[in-house]
Structure formats: structure tokens, C-alpha cells
Amino acid sequence: MNNFELQNPTKILFGKNQIDKIENEIPKDAKILFLYGGGSIKRNGIYEQVTAALSKFQVVEFSGIPANPEYETLLKALKVIKEEKITFLLAVGGGSVIDGTKFLSAAALYKGDTPWVILAKNIRTEIGMPFGTVLTLPATGSEMNSGAVVTRSETKEKLAMGGEGLFPQFSILDPQVVYSIPQRQIANGLADSFTHVLEQYMTYPIDAALQDRFAESIMQTIIETAPKILADTTNYKAAANFMWCCTMALNGLIQKGVPNDWAIHAMGHELTALYGIDHARTLAILTKSHYLYNLETKKEKLAQYAERVWNITEGSITEKAKAGIEKTEAFFHSMQIDTKLSDYIDDYKGTAQTIAKTFMKRGWKGIGEHGTLTPNDVEKIVEMSY
Ligand code: NZQ
Ligand code: ZN
């Protein structure tokens, strides 16, 4: 096991009707910017619950943060923060609203000229403006981690940022929010969280027995929960398991002391930046190709995954590894998620070369757990996913 440091300061309030408790989590004299997305919270009652819980505070609203939070929109929110002298941010939404809020938390206290530098140079944020979240869509784990991803459609870029100052102070996780989520977004949440676990697990053995079993148990629980929550989004027990799996999949715990990959996400972000494909679906497009391309370096963990998560007992290590890859693809298909780029766009030729060039321009020499996947390898992997 590798050395590691672990500190996660986010307070989680999990369960029914926890939104009522927001009042106790925010300083009494705070001036709050209440941030949300395109309006789903106005249709499912979450908006009313949050406004009621904030009745004793000074509150300014900012709505319209789109999926894959857009830099230009966030600059408008930044202006409001400065003009209104906001002191606390409250994100009410899924990963996009929460990530947008993290960007604002960093940008509000940033001393440089343009906050784009935070993303372009991935500047770590040690201290941000304090913020809390009310999660409305389980998927990204953003509610309990310190990372964010922001899109700039003008330049077709989607870049990550983070730092220890960007953990939410608190996050409200009420599984009842799942009741109104459309099937497509539920499937996205299941696929995204599953892939988060894979990215922190599917590397090489390092005798981190507990991390392995944490990861395998999250994947098993997601597989078990998927058909239940897809069949009935108002099944509270399934919604609670779904929500907690998504949070645990990317709150830092399972990545400590083990190698991490994240190549699927690095390539996937480019597919979203180029074509606007949902984040989770970009991952489903690339997973099989990535694992087949890297079969030699990943086969021990792939075989362990096949055995422990999918109960595959027959065959050599390579055969088991390949069976694990097939099971993963079948799992995506079982949630009506297509796994080829050509299922999403007609004009896909040249995508692999474009992405490889982007990585080269950024000076990314090697990605993956060994840091050895070059832009040339990336080109081949993306091409395999056509
Ligand atoms: O905008 P509204 O109207 O609220 O609708 C949203 C949005 O259209 C809707 N929605 C959310 N909660 C709902 C609901 N609809 C009905 N009922 C509810 N309770 O769902 C749509 C998608 O929301 P979004 O926030 O975009 O989805 P998700 O949570 O999947 O977030 C995706 C973003 O997070 C980033 C992705 O790259 C992408 O930009 N990620 C963030 C990570 C992190 N911070 O750690 C890690 C991930 O790997 C990922 O990269
Ligand atoms: Zn993800």
C-alpha cells in the first residue's frame, strides 16, 4: 500500500427531510447566493423546501447553470457575488451546479487577472468562499469531494480544477430528491459512479486489501441497486443506496494508498467538450476500449474484478479479465446506455486525432496509472470506441 494523507471535512446530513436543517449549518449573518440549474427544483418541490429553510437569511438567487457548467454563465454569477457582497454560496443541484459553485468559491477569492487561469493552469485552491450543497442528483460525488469540471463552449474546452479549499462545508443528501429524476439521468448516475470506482481500482495489485474490498462492495451495491431504482425511482430504499454509493465512489476514501487511472475521464471530457455527450455516456463509450487496449497491464485486477464482482470462476487470468470487460459493457447496455461513439454521433471520423492533438497541445505526455499512455495511445483507444 502507498503512503497517503486523508482529510475530508464535509459534513453529510443524510436522510428524509434533512433540508430543514440548513439553517443550523450557515452563519447567521451570512449573505447567501442560492445557485441552481435550469429549473427542475421548481417542479419537484425542492425550491420551496430550500426557500423555507433559508427564510431567516439574506438571500440572492442565481439560476440557469447548465449541465456541464458553462464558464460564461459562471462569470455572470461571479459579478453578482461581487456586487451583492455575498459571503456564502449554496448549490442546489447535481454535479454541474455544485461544480459551478466550486469554481465560484475559488474565483471569488482569486487575486489574479482572469479566473480562467484557475482552470487553464489547474491552480489549486487552498481557501475558497465557504459553500454548502443540497444534492438533487446522485452521480458525481462532487457533494463530498474537492474537485470540479468547468466547460468553455467558445473554445470547446472542459477542464478540471480543485484543492483542499473546495470541499463543501456541508451537503444535504435526501434520497427523496431521486423520485423526480428522469430515467436517463438515473442511468447516468449509476454509470458515472460505477466508472469512478473502476478508475480507482482497475490498475495493478498493490496489496491494498481493504481498498479493493471497499471498491468491490460499492460496485456490487450499484449493480444490485440499478434495476430497482430504474424500475421505480420512488423506491426510497433503493434511492438511499443509490445516493450513498455515488457519494462513497468519489469522496477520496477508496483512492487513498492505491494507484489511480482516470484516463477514461480525461478522454471522456473531450467527447463532452466536442459533442456535448452526457458525461457518464462518454465513459461508457471508452471503458471497453481502454481496458482491452491495456489488457496486459490491467489483467490481474480485471480478473479479480471478474471473480469478485461478477462471480466468474472459469478460465485463465486473461479469459477472466476479458469476461469482466464484457460484463461491464453488458451492465451499461442493461441501463439503455450505448457504448459506441457512432451510436451518438454520425460524423465521428477524426475524433481520435483531434483528441490526441489536444492532449499534445496541453503538453500531456502520459496518462493512466503508469503515466505512460501517450497521445498516440489515446488516439488508438478512442478509435477503438467508434
Ligand atoms: O438544471 P436542472 O433543471 O436542475 O436539471 C438537471 C440537469 O438537466 C437535472 N436534474 C438534477 N436534479 C434533478 C434533475 N431533474 C429532475 N429531478 C432532479 N432531482 O439533471 C440534469 C443533469 O444534471 P447535472 O448536474 O449536469 O448532472 P451530473 O450530476 O451528472 O453532473 C455532471 C457534471 O459533473 C461533472 C461532469 O463532468 C459534468 O460536468 N463531474 C464532476 C465530478 C466531480 N466534481 O467530482 C466528477 C465527475 O466525474 C464529473 O466529471
Ligand atoms: Zn465521472
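The structure presented is a predicted model; accordingly, all values stated were derived computationally and were not measured. Values below: every heavy atom of this structure, side chains too, minus hydrogens, waters and symmetry copies. Just follow the structure's listing: the first ligand is 1, and inside any ligand the first atom is 1.
With hydrogens left out, the protein atom closest to atom 24 (P) of ligand 1 is Ser96 OG, 3.4 Å, a heavy atom. With hydrogens left out, the protein atom closest to atom 28 (P) of ligand 1 is Gly95 N, 3.7 Å, a heavy atom. Nearest non-hydrogen protein atom to atom 16 (C) of ligand 1 is Ser180 O, 3.3 Å. Looking only at heavy atoms of the protein, atom 34 (O) of ligand 1 is closest to Thr140 CG2, 3.3 Å. In terms of protein heavy-atom proximity, atom 12 (N) of ligand 1 is closest to Thr136 OG1, 2.8 Å.
Any N or O atom pair closer than 3.5 Å counts here, and Gly37 shares no such pair with ligand 1. Ligand 1 has no nitrogen or oxygen under 3.5 angstrom from a nitrogen or oxygen of Arg43. At least one N or O atom of Gly147 sits closer than 3.5 Å to an N or O atom of ligand 1. Remark: ligand 1 and Ala139 share no N or O pair separated by less than 3.5 Å (distance only, no angle test). In terms of polar-atom proximity, Ser142 is counted as a contact of ligand 1, with an N or O under 3.5 Å from an N or O of the ligand. Backbone and side-chain nitrogen or oxygen atoms of Ile41 are examined, and none is located within less than 3.5 angstrom of a nitrogen or oxygen of ligand 1. Taking any N or O of Gly38, backbone or side chain, at least one lies under 3.5 Å from an N or O belonging to ligand 1.
The nearest N/O/S atom of Asp192 to the Zn ion (ligand 2) is OD1. Residue-level check: among N/O/S atoms of His265, NE2 sits closest to the Zn ion (ligand 2). Within His196, the N/O/S atom positioned nearest the Zn ion (ligand 2) carries the name NE2.
Distances from ligand 1 to the non-hydrogen atoms of Ala160 include no value under 4.0 Å. At least one heavy atom of Pro182 sits closer than 4.0 Å to an atom of ligand 1. Taking a 4.0 Å cut-off on heavy atoms, Asn188 fails to register as neighbouring ligand 1. Not a single heavy atom of Gly93 lies less than 4.0 angstrom from ligand 1.
Protein non-hydrogen atoms do reach within 4.0 Å of atom 36 (C) of ligand 1. Proximity of atom 8 (O) of ligand 1 to the protein is not indicated, since no non-hydrogen protein atom lies closer than 4.0 angstrom.
Counting heavy atoms closer than 4.0 Å to ligand 1, residue Asn145 contributes side-chain atoms (C-beta onward) but none from N, CA, C or O. At a 4.0 Å heavy-atom cut-off, ligand 1 touches Pro69 through the side chain alone. Residue contacts with ligand 1, taken as heavy atom pairs separated by less than 4.0 Å, involve Asp99 solely via side-chain atoms from C-beta onward. Residue Asn44 touches ligand 1 through its side chain alone, judged by heavy-atom distances below 4.0 Å.
Of the possible donor and acceptor atoms, none in the side chain of Asp192 sits under 3.5 Å from a partner among the backbone N and O of Asn188. With Thr151 contributing its side chain and Glu70 its backbone, the two residues share no donor-acceptor pair below 3.5 Å.
Aromatic ring orientation, Trp244 versus Phe14: perpendicular (interplanar angle above 60°, classes split at 30° and 60°). Using a 30° and 60° split on the angle between ring planes, Tyr236 and Tyr179 fall in the perpendicular class, above 60°.
When each of Val50, Ile19, Val92 is paired with Ile172, the side-chain contact (heavy atoms from CB on, under 4.5 Å) condition holds for Ile19 and for no other.
Between Leu135 and Met243 there is a side-chain heavy-atom pair separated by less than 4.5 Å. Asn8 is listed as a side-chain neighbour of Met144, based on a closest heavy-atom distance under 4.5 Å. Between Val258 and Phe4, every side-chain heavy-atom pair lies at or beyond the 4.5 Å cut-off.
For Lys158 and Glu270, the salt-bridge test fails: no basic side-chain N is under 4.0 Å from an acidic carboxylate O. One finds a salt bridge joining Glu83 and Lys79 here, because a Lys/Arg side-chain nitrogen approaches an Asp/Glu carboxylate oxygen to under 4.0 Å.
The ligand atoms of ligand 1 that sit less than 4.0 angstrom from a heavy atom of Leu250 are 45 (O), 46 (C). Contact atoms of ligand 1 toward Ala67: 26 (O) (distance under 4.0 Å to a heavy atom of the residue).
Taking the ring centre of Phe62 as origin, the terminal cationic atom of Lys76 falls outside the region bounded by 6.0 Å and 45° from the ring axis.
You'll find the ring centres of Tyr293 and Tyr291 outside the 6.0 Å limit. Aromatic pair Phe331/Phe194: ring centres closer than 6.0 Å.
Annotation for Lys156: atom NZ does not count as buried by contact number, only 12 or fewer foreign heavy atoms lying within 6.0 Å. Within 6.0 Å of CD1 on Ile345 lie more than 12 heavy atoms contributed by other residues, nucleotides or ligands.
A distance of 7.5 Å separates CG of Asn260 from OG1 of Thr203, quoted to the nearest 0.5 Å.
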